[in-house]
Amino acid sequence: MLLAVMSGFILASIVPFSGKLLRGRWSFMTTALPGALFVYFLTLIPSIANNQVRLFSYQWVPSMGINFDFLVDGLSLLFALMITGIGTLVFLFTSAYMKGDAYLGRFYGYLSLFMGAMLGMVLSDNIFTLFVFWELTSISSFFLIGFNNESKASRKSALVALAITGLGGFFLLAAFALLGNITGTYSIREMIGSADILKAHPSYLLVMVCLFIAAFSKSAQYPLHFWLPGAMKAPTPVSTYLHSATMVKAGIYLLARFTPVLGNVPAWNHTLTIVGGFTMLYAAFHSIFKKDLKEILAYSTISALGMLVFLLGLGTSEALLAMVVYIVVHALYKASLFLITGIIDHETGTRDINKLSGLRKVMMPVSIAGLLAMISNSGIPPTFGFVGKDLIYASTLESEILALSLTTIAVVTNMLLLYAGILTGVKPFTGVLPESFKEVHLPDWRMWLPPLVLGIAGLILGLFPVFIEGGIVMPALHSMYPMAPPFHLMLWHGFNLILGLSAVTILGGLLLYFLFKPGLRHQTWMAKLYGSSPEHIALLFSRKFRVFAAVWTRLFQNGYLRIYVLMIISFLTVLLAYKSFTQVAFYINPAKISPLTSTELVVMFILIATVLYAVYTPSRLAAIAAMGVIGYCICLIYVFYSAPDLAMTQFAIDTLTVILFVLVLYRLPKYINYSSWLIRVRDGLISLIFGTLISILALEVLYEPTNKETTRFFTDNAYTLAKGKNVVNVILVDFRGMDTIVEITVLTIAAMGVFALLKLQLNKYDQEL
Amino acid sequence: MKLLIFRTTTIFLLPLLLLFSIFLLLRGHYLPGSGFVGGIIAAIAFILHAFAFGLKNTRKLLRMHPLALMPVGLALAVFSAILPIFQGLPVLTVLWLDEPFPVVGLIGSALLFDSGVYLVVLGVALTIIFTISETV
Amino acid sequence: MEIVLAIIVGLLYASGIYLMLRRSLVKLVIGLVLLGNGVNLLIFLLGGLVRGKPPIIPATESILGEIYADPVPQALILTAIVISFGLQAFAIVLIKRTYIVVGTDDLDEIHSTEEEDDY
Amino acid sequence: MTINLIILPVLFQFSLAIILLFFWKNILAQKIISIAGSIVAVIIAVGLFSQVYEQRIITMQAGNWIAPFGITFVADTFSTTMVLLASLSSLAVAAFSSVTIKKARMKYGYFPSFHFLIMGLNGAFLTGDIFNLYVWFEVIIISSFVFITLGGKKAQIEGAVKYFTLNFLASTIFLTAIAVLYGLAGSLNMADLSGKIKIIENQGLVQVTAILFLIGFGIKSAIFPLYFWLPDSYHTPQAAISSIFAGLLTKVGIYALLRVFSLIFIPDDFMKSLIVILAGLTLVSGGLGALVQTNMRKMFSYMIVCHIGYMIGGLGMFTAAALAGTIFYLIHDIIVKTNLFLVGGVIFKINGELNMKRMGGIYDQYPTLALLMAVPLFSLIGIPPLSGFWPKINLMQESFATSNYFLLGSIIFGSFITLFVITRFWAEAFWKKIDNPVRKPYIIYYDQMPQSQRLLLILPIVFLSFISLYIGLGAENIFRLSNHIAAELVDTSAYVQAVLEAQKPL
Amino acid sequence: MINILIAFCIGIGAIAILLASIGLLRMPDLYLRLSVTTKAATLGVGLILAGGALYFQDVGVTSRALAIIFFITLTAPVSAQLIGRVAYLIKVKMWKHTITDELAGRYDSESHALESDLKPDEVELPQR
Amino acid sequence: MMKKRFLLNVMLTLVWAALTGSFTYVNLSFGFIISFFVLWIISRDSPDRRYFTIAFKIIGFFFYFLYEMLKANLQVAYEVMTSNLHMKPGFVKMELEAQTDLEITLLASLISLTPGTLVIDVSDDRKVMYIHGMYLEDRAKFIQSIKAGLEKPLLNIMR
Amino acid sequence: MNLNNFILYGILPILSLSTIFVFIRFLKGPSIVDRVVSIDLMVIIGIGAIAVYSILTDQPTFLDIAMVVALIGFLSTVAFSYYLEKRNRND
Ligand code: NA
Ligand code: NA
């Protein structure tokens with residue numbers, strides 16, 4: 001199983017480097033992989049049909065509890081078959097569609113990467129492994145949407161798609177982190193056991209919201225749907241595979257997978273129903289106004305995804321069953337329609353619905369496939385689509401609340417979808433063949449066969465739903481709804497309300513198609529509507545957000561060093577003040593206060609006065625002279641308090657510093673007071689508060705008893721062990737010699753830096769390398 | 001500065017200061033002073049010379065670029081630090097010669113270390129000051 | 001005494017910061033120097049003040065008596081002084097270089113860290 | 001000899017630097033010594049790491065003075081891991097430097113400063129003494145000053161002034177903190193302080209000291225309202241220099257924070273929530289900053305700030321799992337950020353541009369190279385299973401477990417911005433095609449370079465990319481390591497014991 | 001006895017220093033301040049150091065005291081001359097009662113070269 | 001001859017110290033004086049006796065200078081403590097007899113060390129010295145006092 | 001009256017007073033040269049003070065500091081005059 005999942009990645013890492021080998025005539029060979037995988041997953045059906053669940057475990061990051069735990073149950077098998085099955089067809093299609101493309105290898109690489117990721121995702125039982133694969137699907141989607149990287153629109157769409165799905169991804173990660181935290185396990189299967197705990201947990205809503213954001217972003221639910229039409233910039237195989245059949249269903253998969261864990265809670269069900277219902281209606285409505293084949297398909301896909309979410313929201317056994325069936329239905333017909341679009345685009349060079357007609361004359365098999373897809377789409381018997389639609393109506397009608405409105409929504413959506421289906425599956429082939437398309441001919445069989453196969457499959461499944469009922473549909477239902485009653489898929493239920501609704505749908509749809517032709521008026525109307533669309537709002541928001549980001553960044557990063565210093569010191573001061581006033585009582589230890597001699601007093605007075613002088617003097621040279629005095633006073637303080645080495649060093653360094661300053665001062669401009677008095681008062685206040693805090697802190701620490709153990713050790717052993725009498729020097733060269741050796745290194749580097757800083761002056765045309 | 005009096009005094013002060021700097025280096029272990037202060041005093045001696053006679057002449061007197069003093073000093077210090085490794089002791093363990101040396105007293109690797117400090121500080125101070133005065 | 005020294009330390013910190021908040025590069029560096037002195041005095045103060053008893057073992061003895069200045073802070077300050085000298089020297093030269101390259105001593109005029117093609 | 005193995009990473013770099021100083025003007029010799037030396041340094045680091053990871057904490061008392069009195073060097077898993085990472089990145093950067101740094105710069109002490117810098121880093125990681133840590137920090141900052149000003153161009157100098165001042169301020173605050181700490185506890189040995197701090201009656205003062213440390217290290221690690229120096233300066237030096245800055249300099253601040261706040265100060269509730277809030281704001285501010293940049297290097301700089309938030313956040317929560325997340329992120333970040341700036345350097349060599357609006361076409365021109373460069377870029381985003389992804393699990397889980405929802409939100413926000421910014425960059429620099437690019441006469445473009453130089457340019461990126469791939473795909477090992485280190489941080493008794501009781505003087 | 005001697009030395013020294021400081025404060029212009037201060041202070045410090053040497057009566061201390069005195073007498077005139085000269089060069093104001101300035105115009109304003117303003121034959125060559 | 005005698009003197013001093021086994025200041029000075037006298041006595045017939053005269057001259061000059069300095073100091077002290085009105089300061093030029101660097105430097109130091117006078121500079125051709133004086137009522141007398149009081153004795157010793 | 005008290009209550013106050021006078025001159029200026037002269041004098045008084053302190057505390061060690069100060073103290077004076085002679089008049 002690990003091999004099955006990884007094979008996609010392995011292929012992905014080989015293909016781009018295979019050079020000409022796989023780029024030319026042999027490119028269809030890559031189809032072997034999905035084909036083989038499809039067969040492999042087919043062989044698993046029998047065991048799954050017996051309600052067996054197969055678990056494959058491979059260690060990966062056991063210390064985090066993250067492993068490749070692949071679970072094959074009905075739901076994952078359903079998706080796996082879809083991924084590999086449609087994958088096979090898409091791979092085959094691609095080999096002809098992209099023939100001669102310089103980057104075909106790269107393309108196959110991304111495609112295989114995607115397939116592997118998708119498989120991994122649906123098979124993972126470990127939430128984090130699932131997440132890993134989830135993100136990989138987003139990334140491979142990013143690369144595929146941006147495949148035509150020289151087009152600005154492509155790049156933008158790829159970015160938008162990744163931004164939305166990526167954002168969703170992080171929410172998914174958050175949701176999973178929370179889930180793992182609450183349940184203490186990373187296995188979804190095991191989480192089902194803690195479902196009750198979860199539902200009662202105060203963070204349930206948070207988990208749910210995070211999960212929803214993730215699922216909605218991936219499955220293009222309103223208001224996160226708008227990336228999907230943009231994603232149509234990708235080559236058609238990508239649109240087929242990722243953006244209609246598989247990847248966009250990842251969100252559906254996620255919701256389905258977590259239904260037994262988190263579902264069956266009013267908040268869960270209602271949210272899904274509302275969002276799904278709105279999305280399906282909204283997108284279906286939009287689809288009929290589009291001119292571009294792919295765009296129409298994109299919106300109808302969104303609508304179908306809405307339908308799936310809607311069904312998940314209803315959450316009843318019937319609804320879930322309907323959902324499973326509809327997934328298959330949709331995968332079959334939508335993939336087919338996309339491939340057909342691809343063929344049309346490939347052969348005629350246009351996707352404009354208004355320019356296309358009469359193509360049946362030049363590409364008969366394709367038009368058959370189109371027709372088949374359309375009737376499945378429209379739920380016309382005897383296709384599998386009809387089965388699916390029946391089930392949908394059955395479930396809406398049985399809804400506990402608002403059955404009527406829900407059913408109405410479903411019916412209206414289906415009518416609109418039918419409209420879209422005709423537009424894409426039938427319209428291009430009917431009517432008169434324009435002059436310009438006379439030269440158009442039937443493409444390579446590798447292109448027309450896949451849609452045809454899909455269409456036929458829809459037909460066969462409609463006629464014989466039993467083929468997948470026991471092996472796939474029921475197990476899938478059971479993995480979502482373990483208590484689901486047995487149910488038989490049938491094409492014919494007899495005359496009943498549901499059949500009536502189907503009829504209404506078909507008739508209504510046809511009527512709409514023939515009566516309503518969107519014109520210019522509608523276009524402007526739609527354009528107005530765009531103003532309130534989530535895409536527009538998101539764009540507006542992102543623009544505003546960027547302004548906010550710029551303002552925020554400027555606020556802190558304004559380039560003025562003194563403002564930086566001010567902010568840092570203010571921050572420190574506030575923290576220090578808060579801590580000092582809340583947690584430290586103010587004491588001065590009188591026992592530690594020593595007397596002063598007059599000289600000491602004078603030196604300290606001079607020190608203080610000179611510091612103030614240095615701050616206020618308008619003359620730079622005087623300030624430097626003052627610095628000399630300050631250093632000298634400090635030197636004297638060291639003398640008074642028994643630090644001869646310090647005094648010496650201080651004086652020597654002070655002298656050197658003064659020399660340095662004096663040498664550097666040449667040619668510096670005038671030293672003016674630039675700041676206004678207000679600013680100076682502000683700075684002065686902050687500095688004073690900070691200084692006062694340091695003074696208080698010093699006195700406080702002085703009050704604390706000091707442990708002199710270390711000192712004692714040094715003074716006792718300086719002579720006896722280290723053979724020196726100047727304890728300070730012994731510390732410097734022996735006890736703490738490491739400090740000194742590092743300190744001279746600092747000096748060395750500083751000198752090197754000074755040398756380089758002044759001597760090395762590069763000019764721009766310094767060409768040498 | 002072309003100052004006769006200053007120059008003449010400097011001629012006297014230069015050896016005096018150098019002598020004094022070595023004195024401070026050698027006695028550091030027993031009394032105030034150290035390689036560090038010694039190095040600075042030595043540097044100040046040369047800086048004084050440079051003030052009096054100009055940088056070129058001081059350069060001539062030194063015969064080497066002060067930059068070169070730093071690696072030598074560092075190498076000396078590091079050498080004294082890693083010496084104990086060969087005796088299986090931790091780095092920077094001070095090793096002592098058994099016999100005291102006249103004038104200086106006991107000689108240990110600490111003195112080697114301090115001499116390294118002296119050279120580095122001398123090199124550093126001179127490099128900085130010379131570089132600056134050259135670019136003025 | 002300690003109180004006065006504590007005030008001095010605070011004042012050195014305050015004036016150091018105040019000078020760093022000015023627009024002149026030279027003042028900035030003087031501020032750094034004052035700040036450095038402030039820290040050193042703080043270490044010194046917190047190590048405890050003892051008058052007239054340097055931590056030097058008398059010629060006739062082999063250990064220090066009871067009352068002496070704590071040599072540890074002194075050693076730390078020595079190291080700190082030397083290091084801040086290195087940094088200050090660098091800073092002083094940086095002023096010079098800034099003036100050569102940017103042509104100003106006014107810090108407010110060097111807030112445009114523009115890009116240069118030399119990466 | 002085994003004892004001295006601890007200090008070998010330091011001494012070796014030190015000796016390298018000194019030898020390089022002797023070859024002041026001989027560039028070829030410098031290049032060879034530097035690269036060969038860096039390889040040896042990796043071997044040494046691996047040796048030390050395996051010694052410590054498989055056995056126990058090793059300590060060495062410099063000067064052979066018993067523990068709390070002399071300067072102790074401690075090699076525990078955390079420090080040896082950091083040393084190892086530093087040696088790996090520095091090897092890559094040394095090779096990269098040998099091609100990209102101009103000869104003139106090499107003649108003014110580039111390589112010696114480089115090895116001094118690495119020496120400083122190793123010293124900071126290995127020392128067990130708080131004042132000695134300060135001294136190592138100074139080595140690091142002074143050599144970084146040299147780097148940031150080397151060549152002395154206008155932008156460099158302007159950046160350097162800010163970089164210098166704020167780092168100086170940080171050092172001063174750090175030293176103030178040490179002064180207070182010594183005044184309170186009378187010791188400098190961190191293991192010793194660990195015990196002594198706890199018995200101080202006036203814990204309020206201890207917490208005030210902790211604030212000083214937080215700010216001091218916080219400036220160095222570029223956390224929220226203290227990071228200003230970074231975006232104003234990191235984009236000014238050469239690619240190789242920026243990369244070593246990006247990879248290691250802020251991380252040493254994080255290292256110090258982790259050390260001090262696990263060993264000496266155990267964060268109280270106030271401190272924890274303070275750090276967590278700062279972490280969140282760091283993520284947000286860094287992200288917002290990156291969003292508005294069009295200059296590649298500035299954008300990368302803000303990314304550094306942003307990602308500091310993850311690590312600080314883990315520290316703020318202070319649970320074993322959160323700390324493990326921090327450590328994992330630290331490991332990932334060192335390698336990836338180093339690589340990121342190297343990649344930036346190569347992109348500049350290809351395009352001759354820093355503004356991403358004016359660059360493009362790498363994807364089509366150099367597909368394999370683009371693939372290679374995708375590794376660090378997408379690792380940075382944390383695309384699973386690349387390296388940046390793993391620690392986020394821990395951090396998210398723990399921010400939930402400790403009810404830090406603001407941090408949780410910030411983590412999501414930071415991750416999202418990173419995703420957006422890097423993919424936008426990808427779209428601009430790699431996908432976009434530039435018509436009639438203008439060639440600047442003073443740049444030697446990638447396609448004008450001889451094969452051998454190109455190799456030296458690319459190999460470091462390959463090297464680091466492999467490491468980050470290993471971190472991502474072999475996450476198990478890294479997690480085990482991180483958990484091990486986190487356990488060391490949570491329970492410091494082994495550390496303290498190893499320092500204080502292990503050795504009598506030899 | 002010896003203490004009285006010490007006290008005398010230190011006392012006179014301190015008073016000399018005090019005089020120098022008062023001089024520095026009170027004298028009307030820089031040149032006058034320079035003329036009175038440096039030397040008095042040198043004398044004062046010399047006396048105090050002599051007192052110290054007497055107090056300790058130790059070879060090391062005495063030699064140090066002597067060395068310091070020697071250093072000061074060596075350097076003090078030099079620094080006084082340097083300052084006085086530069087003060088003149090940068091035209092530090094003289095006291096209004098200054099009666100003569102024979103230095104006026106002797107300095108080259110650019111190179112600061114100082115001429116003697118003596119014709120060669122005016123100078124009588126001293127006998128060797 | 002002078003150098004030889006001086007070296008001999010130092011050698012004898014060291015011999016004395018070795019003989020007495022004490023290297024204290026007092027003993028060394030005492031040894032120096034004794035050997036000086038011994039040398040003086042044994043070379044009374046020698047034609048060149050400059051070494052001995054110079055020694056006395058130096059000692060004499062030292063006390064003379066100390067006296068002058070004290071005197072000047074007192075004068076200045078008086079000046080400092082009272083009103084400044086009888087000062088007549090100014091810059092004067094003094095032609096030099098001193099020739100070598102050392103002579104000029106020593107002279108300048110001596111002049112500067114005396115309160116109330118200050119050497120400002122020596123001309124580049126080393127022929128004149130510019131001096132700042134406090135009391136210049138009588139310029140000639142001022143120059144004369146320096147020449148006679150300081151330059152003559154100094155050159156006497158130096159030559 | 002012993003020597004210590006004589007120093008404490010006689011000498012030190014005199015030195016302090018002198019220092020204050022000198023410092024007043026430092027503050028008053030008026031020219032930078034005056035300040036340099038003040039510093040020069042302060043250094044010399046400091047040497048005296050150090051010497052007095054070494055007597056007061058019976059620590060000859062302090063004389064070493066005085067020696068360093070005496071030797072290099074005048075360097076800053078040299079530097080200032082060097083600067084003043086060469087600088088452009090823009091201070
Ligand atoms: Na010392
Ligand atoms: Na030192």
Side-chain angles (χ1 to χ4, degrees), chain C residues 9 12-13 16-17 20-21 25 28-29 31-48 70 72-73 75-77 79-80 82-84 86-91 93-105 107 109-119, chain D residues 100 102 131 134-135 138-139 141-142 145-146 149 151-162 164-165 167-169 171-176 178-184 186 188 231-233 235-239 242 295-298 341 344-345 347-349 352-355 440 442-443:
Chain C
V9 168
L12 282 170
Y13 271 87
I17 294 294
M20 287 172 81
L21 294 174
L25 254 175
L28 172 76
V29 176
L32 296 181
V33 175
L34 293 186
L35 210 55
N37 281 327
V39 186
N40 292 340
L41 275 184
L42 180 70
I43 303 177
F44 194 61
L45 171 64
L46 295 186
D70 189 343
V72 181
L76 301 188
I77 296 169
T79 306
V82 175
I83 287 176
S84 40
L87 294 179
Q88 284 158 13
F90 190 85
V93 174
L94 191 59
I95 301 181
K96 183 164 191 69
R97 181 73 189 173
T98 308
Y99 183 62
I100 293 173
V101 175
V102 188
T104 180
D105 168 60
L107 276 167
E109 279 174 38
I110 60 168
H111 70 279
S112 65
T113 35
E114 60 175 55
E115 36 180 301
E116 266 184 63
D117 290 349
D118 179 34
Y119 190 37
Chain D
T100 55
K102 285 186 174 173
F131 188 77
Y134 164 78
V135 180
E138 297 306 298
V139 172
I141 65 169
I142 190 79
F145 295 157
V146 175
T149 54
K153 301 203 145 197
K154 187 163 177 269
Q156 270 186 295
I157 295 293
E158 293 191 353
V161 171
K162 292 163 192 168
F164 180 89
T165 309
N167 270 292
F168 189 99
L169 192 63
S171 294
T172 308
I173 297 171
F174 180 16
L175 194 55
T176 308
I178 292 177
V180 175
L181 195 59
Y182 182 77
L184 279 174
L188 296 165
D232 269 7
S233 63
H235 63 284
T236 58
Q238 285 61 54
S242 295
N295 180 309
M296 171 177 71
R297 291 195 280 182
K298 282 193 182 178
F341 277 78
I347 291 176
F348 178 76
K349 280 282 166 204
E353 288 289 351
L354 290 171
N355 193 315
K440 293 166 190 160
Y442 51 87
I443 296 173

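In what follows, chains carry the letters A, B, and so on, assigned in the order in which the sequence lines appear, proteins first and then strands, with residues in each chain numbered from 1. Owing to the predicted nature of the structure, the values given are computational and were not obtained by experimental measurement.
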Can you tell me which portion of [X] sits under 4.5 Å from chain C's heavy atoms? Options are side chain, backbone, both or neither.
X	value
Thr165(D)	both
Phe145(D)	both
Val180(D)	both
Leu188(D)	side chain

When you compare the side chain of [Y] with that of [X], does any pair of heavy atoms fall below 4.5 Å?
X	Y	result
Phe164(D)	Leu32(C)	yes
Ile141(D)	Phe90(C)	no
Tyr13(C)	Thr176(D)	yes

Quiz item: Taking all atoms of both residues into account, what is the closest heavy-atom pair of Leu175(D) and Ala80(C), and its distance?
Solution: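 So the minimum-distance heavy-atom pair works out to CD2-CB, 3.8 Å.
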Quiz item: Picking from Ile83(C), Val102(C), Ile100(C), Leu42(C), which has the most non-hydrogen pairs under 4.5 angstrom with chain D?
Solution: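 Answer, by heavy-atom pair count under 4.5 Å with chain D: Ile83(C).
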Exercise. Using a cut-off of under 4.5 Å on heavy-atom pairs, state which of Leu46(C), Leu94(C), Leu87(C) scores highest against chain D.
Key: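 Result: the option with the highest number of such pairs is Leu87(C).
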Quiz item: Is chain D contacted by the side chain of Ile95(C), its backbone, both, or neither, given a heavy-atom distance below 4.5 Å?
Solution: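 When you check distances to chain D, no heavy atom of Ile95(C) falls under 4.5 Å.
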Quiz item: Measuring heavy-atom distances to chain D, does Leu45(C) have an atom under 4.5 Å in its side chain, in its backbone, in both, or in neither?
Solution: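 No part of it gets close to chain D.
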Exercise. With side chain to side chain contact (heavy atoms under 4.5 Å, CB included) as the test, would you mind laying out the steps for Leu28(C) and Phe168(D) before giving the verdict?
Key: CA-CA 11 Å; Leu28(C) 172 76; Phe168(D) 189 99; over 6 Å; no
Quiz item: Can you list the steps and then say if Leu169(D) with Met20(C) is a side chain to side chain contact (heavy atoms under 4.5 Å, CB included)?
Solution: CA-CA 10 Å; Leu169(D) 192 63; Met20(C) 287 172 81; 4.0 Å; yes
Can you tell me how far [atom2] of [Y] sits from [atom1] of [X], rounded to the nearest 0.5 angstrom?
X	Y	atom1	atom2	value
Thr172(D)	Ile17(C)	OG1	CD1	8.0 Å
Lys153(D)	Arg97(C)	NZ	CZ	10.5 Å
Thr98(C)	Gln156(D)	OG1	CD	11.5 Å

